[in-house]
Enquirer: 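Please find one structure pasted underneath; my questions will follow.
Order of appearance sets the numbers: ligands from 1, and atoms from 1 within every ligand.
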Amino acid sequence: MLKRFTISMDEKLLDDFDTYISQQRYVNRSEAVRDLIRSALVNTEWQDDKPVMGVISLVYDHHKPKLQEKLTEVQHDYHHQVISSTHVHMDHYNCLEVIIVKGKAESIIELTNNMQSLRGVRNCKLAMTTTGRDIH
Ligand code: NI
């Protein structure tokens, strides 16, 4: 059921918000506010160690001795969390790996940190998202 409520705010803050929503291509304030609330709720799921989804992207030097092996080992340690991974040989030296993960927030962060800290990993990013079950 759709419910309405009124928000009061400073004029300058509202002007800035209207600039933001037009830059983000929202058609109205309501959808923009809903998205901001959803985004806050997703952050809460991660902070509260709830079941979440994520995408880890890794760029690494595949000539670094043993690195590929170590990355595989870490992913096997977290096989319950790793759903799928895709590997792209970007050029002679660099590989890109994209890993889709699901599980308790803390275990996903642990997995990310264990890969990020390996020598030869040039960039490791975790995109934190949601299972969508509790976000409406
Ligand atoms: Ni490769």
Enquirer: With the Ni ion (ligand 1) at the center, what angle do SG from C95 and NE2 from H87 span, rounded to 10 degrees?
Expert: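 Centred on the Ni ion (ligand 1), the SG/NE2 angle is 100° (to 10°).
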
Enquirer: Counting neighbours of CD on E31 that are heavy atoms of other residues, nucleotides or ligands and sit closer than 6.0 Å, is the number greater than 12?
Expert: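 Count over threshold, so yes.
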
Enquirer: Under 2.8 Å from the Ni ion (ligand 1), is there any N, O or S atom belonging to H62?
Expert: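 No.
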
Enquirer: Nearest 0.5 Å, please: how far is NE2 in H62 from NE2 in H92?
Expert: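 Rounded to the nearest 0.5 Å, the NE2-NE2 separation comes to 6.5 Å.
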
Enquirer: Does a donor on one side chain and an acceptor on the other come within less than 3.5 Å for Q81 and E110?
Expert: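 Checked: Q81/E110 side chains show no N/O donor-acceptor pair below 3.5 Å.
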
Enquirer: For the Ni ion (ligand 1), which N, O or S atom of H89 is at the shortest distance?
Expert: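 The closest N, O or S atom of H89 to the Ni ion (ligand 1) is ND1.
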
Enquirer: Taking only Lys NZ, Arg NE, NH1 and NH2, and the carboxylate oxygens of Asp or Glu, determine whether D15 and K12 approach each other closer than 4.0 Å.
Expert: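 Salt bridge between D15 and K12, a charged N being under 4.0 Å from a carboxylate O: no.
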
